Asks: 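Next up is a structure, given as structure tokens.
Note on naming: letters A, B, ... go to the chains in the order of the sequence lines (proteins, then strands), and numbering restarts at 1 for each one. Values in this document were obtained by computation on a predicted structure and should not be read as measured data. Computation of the quantities below employed the complete heavy-atom set of this structure, encompassing side-chain atoms and omitting hydrogens, waters and symmetry-equivalent molecules.
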Amino acid sequence: MDSRLLKPYNPKETEERIYKLWEDSGFFNPDKNTNPDAEPFTLIMPPVNANGSLHAGHGLILTIEDVMVRYKRMRGFKTLWLPGLDHAGFETQVVYEKKLEKEGRSRFEIEPKQLYKEILDFTLANSTNIKSQIRKMGASCDWGREKFTLDPDVVKTVHQTFERMYDDDLIYRGKRIISWCSKHQTSFSDLEIKDEERTDDFYYLKYGPFTIGTARPETKFGDKYVVMHPDDERYKEYKEGQKINLEWINGPIEATVVKDDSIDKEFGTGVMTITPWHDTLDFEIAERHKLDKEQVIDENGKLLPIAGEFAGQHIKKARPLIIEKLQKKGLVEKIDTSYKHVVRTCYKCGTIIEPQIKSQWFVKMKPLAEKALEKIENGEIVYIPEHYKKITVHWLGNIMDWNISRQIVWGIPIPAKICKECSHGMVDIGEKITKCKKCDGEVEKDNDTFDTWFSSGQWPFVTLGYPDSPDFKKFYPTDVMETGGDIIFFWISRMIMLGLYVTGKIPFKTVYLNGMVLDAKSQKMSKSKGNVIDPLVLTEKYGTDAFRMGMVVGNTPGTSLALAEERIRGYKNFANKIWNAARFVLDNTKDFKIPTTPPYDEEDKKSDEELKNLITEITTEIDEYKFYIVAEKLYHYFWHTFADIIIERSKKKIAENKNADGAKALLYTHLETLLGALHPFMPFITEEIWQIIKSRRKVGTPTETSGLLMVEQWPFDSAQGKPKSI
RNA sequence: GCGCGCUUAGCUCAGUUGGUAGAGCAAUCGCUUUACACGCGAAAGGUCGGGGGUUCGAGCCCCUCAGCGCGCACCA
């Protein structure tokens with residue numbers, strides 16, 4: 001017997017050695033791992049955030065993708081799994097800002113170029129680490145094609161897309177109301193906002209003859225329009241455009257009556273004043289009626305001179321003081337202290353979002369969404385699980401324009417010039433524009449960067465070298481896009497829209513969305529709760545194969561996974577079982593050559609048939625992306641049929657030398673077949689045993705292949721419908 | 001408010017055209033059996049959230065109620 005089998009299975013030592021064997025073989029590269037005419041199978045890895053460490057969610061994503069890829073490779077497809085790293089724009093900038101904070105520095109004191117360089121160094125220093133962690137998961141991706149989201153060719157393509165969309169009138173620069181985080185000093189798209197339910201005070205204030213309701217008295221300084229529904233009987237004596245002189249916070253003002261359908265007669269008193277600069281609804285009313293807009297709060301959340309004596313104060317501190325003053329003036333009618341409403345906050349720091357009017361770049365989403373909807377509703381993109389299709393259709397049907405400008409340095413610069421006079425925006429890729437095309441005024445460089453999703457939304461075709469590279473022609477559209485269901489809008493839907501727009505084709509045929517990985521008690525993992533499970537700790541302890549099985553078995557797509565350590569431990573035991581079964585089989589089939597027609601007795605024939613049926617079954621199920629059931633079936637069959645029944649009964653046959661040859665042949669073909677079928681799920685241990693088998697093979701036995709299980713044929717996948725014999 | 005899910009054994013979850021319920025882990029009992037105690041054998045465990053309907057027959061289809069989770073939304 002091979003001396004390696006006498007020792008217990010040692011994942012740590014084995015995994016490193018086996019991964020090197022695979023990587024050195026070159027078979028991660030689709031140009032080498034199969035015949036040149038084979039049909040391609042392409043999967044682009046969601047770019048992993050380069051600044052951090054692998055988390056449990058990555059563990060799940062990498063496992064599922066590797067299962068798909070290894071299976072397809074064994075089926076003989078020209079299989080490409082393209083790995084990537086993500087600069088992760090705002091995410092990374094936030095991480096780096098926290099680091100600066102600890103060092104007593106601030107991003108606002110650092111020169112932008114210097115800051116960019118620091119974050120780049122920080123990210124690159126981490127990227128080696130993250131890549132080695134991806135390898136530890138057993139990921140059989142083609143490192144030769146690795147991409148980083150800030151690679152020059154990526155930037156180039158993203159710039160070209162920007163220009164093309166601008167020329168096609170799909171991108172515009174507009175002075176519109178945007179969501180602003182006063183801590184991070186940047187705007188967001190509507191997706192980066194987290195809604196939070198709160199109970200706050202709601203104030204009823206006397207505004208001339210009216211009583212208005214507001215939760216935000218600190219915005220009210222400039223309010224000079226009073227709005228009501230045109231059909232509201234209570235206020236029919238007031239006519240549109242009517243001027244009313246009244247006493248307000250800082251003295252007498254002249255208010256103008258406005259009638260608008262968007263007012264809810266049932267809410268509050270049915271009358272409100274508007275603050276177009278700091279409220280979306282108010283902004284829209286002001287746009288409709290062409291009303292003045294005035295800024296009240298600055299970008300740091302402090303009141304501007306319009307607030308009179310309150311100018312310079314932070315809104316948080318000013319609110320009670322303003323109410324105090326209003327009370328003294330007798331303008332507070334009542335305060336409702338149990339007003340429940342939803343507050344929009346920054347998804348990173350929880351700071352209340354302050355809407356501001358700013359000039360930014362926006363993408364017109366409607367035309368893009370309509371094309372995507374058509375393809376999705378036609379069934380050209382398959383969603384797994386299916387209900388994500390409904391969610392996507394709903395979102396695309398109600399889509400808003402997308403603000404892609406971010407006021408941070410860490411990202412792809414927006415190649416544009418802005419006119420200092422008329423604030424007209426012009427795309428300027430080669431820094432050629434020196435005067436405003438509209439008014440001939442002086443221009444300045446746009447210092448903003450793109451929303452990171454604007455570039456990652458182009459990932460499938462960018463990574464493949466759109467438009468001219470042979471890879472693009474061969475591998476695009478890709479087959480599967482697999483990632484967490486939580487980024488279905490951020491990423492998946494935008495990839496569909498941008499892919500369709502740029503290449504005219506859907507970027508992928510199937511979307512597979514996995515759920516979240518939660519802790520053992522089904523709670524979200526978070527640093528503050530202290531319940532974060534590090535996948536690398538688990539692989540270290542139980543082996544990567546065990547971890548992978550824990551990720552796959554029973555884990556249906558889209559459903560969250562409660563990650564309990566016992567779960568992983570169970571599959572470590574399984575690895576041990578495989579190891580020992582292999583030891584038994586190999587020990588009992590020494591010097592045994594399988595006859596072309598093995599002399600099976602009746603029960604052997606039945607078992608042989610059962611195995612074939614199992615493989616046929618699971619092959620169909622893998623094709624249907626039901627990995628959760630396949631892994632479980634293999635586990636169950638290996639343990640409770642192969643080990644418990646077939647191995648057990650063979651002991652007697654071999655000892656008594658009764659039907660021994662049939663029994664040995666059955667043991668052997670079972671082991672070999674099951675190793676192949678298990679390989680996508682448990683690549684390391686199956687490959688290790690395969691290598692031991694191979695080294696034992698005698699001269700003259702078929703070894704035309706590389707000898708790596710990774711590129712062996714999937715069991716029963718040959719014309720004969722039989723497993724290969726050795 | 002709108003949308004999408006979930007509710008099956010103590011726990012985590014399967015259950016593919018409707019035919020009297022399955023797995024893993026945990027718990028129980030017994031085993032130093034010559035591949036494996038990271039093991040072997042045995043047994044135990046559920047009125048499939050409540051109610052109603054369709055059907056010869058429902059965990060699976062329809063209606064309704066309740067609880068939980070998630071997403072979207074400009075109600076001042």
Asks: Return the value, rounded to whole Å, for the distance between atom CZ of A:Arg288 and atom P of B:C74.
Replies: 14 Å
Asks: Rounded to whole Å, please give me the gap between CG in A:Asn576 and C1' in B:G39.
Replies: 9 Å
Asks: I want to verify a distance call: between B:A35, B:G39, B:C4, whose nearest atom is closest to the A:Ile391 side chain?
Replies: B:C4
Asks: Taking the C1' atom of each, how far is B:C68 from B:G50, in whole Å?
Replies: 15 Å
Asks: Nearest to the side chain of A:Leu191, heavy atoms from C-beta on, is which of B:A35, B:C38, B:C72?
Replies: B:C72
Asks: In whole Å, what is the span from the CD atom of A:Glu621 to the P atom of B:U16?
Replies: 12 Å
Asks: Roughly how many Å apart are B:A14 and B:A73, using the C1' atom of each and rounding to a whole number?
Replies: 36 Å
Asks: A:Thr280 has a side chain; which of B:G5, B:C74, B:C25 sits nearest to it?
Replies: B:C74
Asks: How many whole angstroms separate atom CG of A:Asn555 from atom P of B:A23?
Replies: 20 Å
Asks: Which listed nucleotide (B:A76, B:C36, B:G24) is nearest to the side chain of A:Arg583?
Replies: B:C36
Asks: Can you tell me if the side-chain N/O atoms of A:Tyr542 get under 4.0 Å from OP1 or OP2 in B:C38?
Replies: no
Asks: With no hydrogens and no angle check, just 3.5 Å: does a side-chain donor-acceptor pair link A:Tyr9 and A:Asn580?
Replies: no
Asks: Any base atoms under 4.0 Å from A:Phe283, or only sugar-phosphate, or nothing? Heavy atoms, all strands.
Replies: nothing
Asks: Under the 6.0 Å and 45° cation-pi test, does A:Lys358 pair with A:Trp180?
Replies: yes
Asks: Are any of the side-chain heavy atoms of A:Ile568 and A:Met549 separated by less than 4.5 Å?
Replies: no
Asks: Which part of the nucleic acid does A:Val227 contact within heavy-atom distance under 4.0 Å: base, sugar-phosphate only, or nothing?
Replies: nothing
Asks: Are any side-chain N or O atoms of A:Asp279 and backbone N or O atoms of A:Asp282, one a donor and one an acceptor, separated by less than 3.5 Å?
Replies: yes
Asks: Rounded to whole Å, please give me the gap between NE2 in A:His387 and P in B:C4.
Replies: 10 Å
Asks: Say you pick atom P in B:U7 and the same atom in B:C40; how far apart are they, in whole Å?
Replies: 32 Å
Asks: Whole Å only: how far is the CZ atom of A:Phe574 from the P atom of B:C25?
Replies: 11 Å
Asks: Taking side chain as C-beta onward, heavy atoms only, is A:Ile64 less than 4.5 Å from A:Phe627?
Replies: yes
Asks: Under 4.0 Å, counting only non-hydrogen atoms across every strand here, what does A:Ser262 touch: a base, just sugar-phosphate, or nothing?
Replies: nothing
Asks: With a distance cut-off below 6.0 Å to the six-membered ring centre and an angular limit of 45° from the axis, does A:Arg176 pair with A:Phe362 as a cation-pi contact?
Replies: yes
Asks: Provide the distance between the two C1' atoms, one in B:U20 and one in B:G24, to the nearest whole Å.
Replies: 25 Å
Asks: Determine whether a donor-acceptor pair (one donor, one acceptor, N or O, separation below 3.5 Å) exists between the side chain of A:Lys577 and the base of B:C36.
Replies: yes
Asks: Find the distance A:Asn580:CG to B:A37:P and express it as a whole number of Å.
Replies: 7 Å
Asks: By nearest atom, which of the nucleotides B:A35, B:G15, B:C36 is closest to the A:Tyr628 side chain?
Replies: B:G15
Asks: If you check the A:Thr556 side chain, which of B:A35, B:A76, B:A14 turns out closest?
Replies: B:A14
Asks: Using a heavy-atom cut-off of 4.0 Å across all strands, would you classify A:Ile647 as base, sugar-phosphate, or nothing?
Replies: base
Asks: How is A:Glu648 classified with respect to the nucleic acid when contacts are heavy atoms under 4.0 Å: base, sugar-phosphate, or nothing?
Replies: base
Asks: What would the secondary structure line of RNA chain B be in dot-bracket form, counting Watson-Crick and G-U wobble pairs under 3.5 Å, with [ ] for pairs that cross earlier ones and | for pairs with another strand?
Replies: (((((((..((((........))))..((((.......))))......(((((.......))))))))))))....
Asks: Which whole number of Å gives the distance between the C1' atom of B:A23 and that of B:G45?
Replies: 14 Å
Asks: Rounded to the Å, how far apart are A:Trp639 CH2 and B:G41 C1'?
Replies: 14 Å
Asks: Which part of the nucleic acid, if any, lies within contact of A:Phe489, taking any heavy atom under 4.0 Å across all strands shown: a base, the sugar-phosphate backbone alone, or nothing?
Replies: sugar-phosphate
Asks: If we take the C1' atom in both B:C70 and B:U64, what is their distance in whole Å?
Replies: 23 Å
Asks: Report which part of the nucleic acid A:Asp644 touches: base, sugar-phosphate, or nothing (heavy-atom distance under 4.0 Å, all strands).
Replies: sugar-phosphate
Asks: Heavy-atom distance under 4.5 Å between the side chains of A:Lys653 and A:Asp604, does that happen here?
Replies: yes
Asks: Nearest to the side chain of A:His341, which nucleotide is it out of B:C4, B:C2, B:A76?
Replies: B:A76
Asks: Centre of A:Tyr571's six-membered ring, under 6.0 Å away, within 45 degrees of the axis: is that where NZ or CZ of A:Lys577 sits?
Replies: no
Asks: Roughly how many Å apart are B:U47 and B:C74, using the C1' atom of each and rounding to a whole number?
Replies: 49 Å
Asks: Among B:A35, B:G24, B:A73, which nucleotide sits nearest the side chain of A:Asp195?
Replies: B:A73
Asks: Distance to the ring centre below 6.0 angstrom and angle to the axis at most 45 degrees; does that hold for A:Lys572 and A:Tyr542?
Replies: no
Asks: Pick the C1' atom in B:C6 and in B:U12, then give their distance to the nearest Å.
Replies: 14 Å
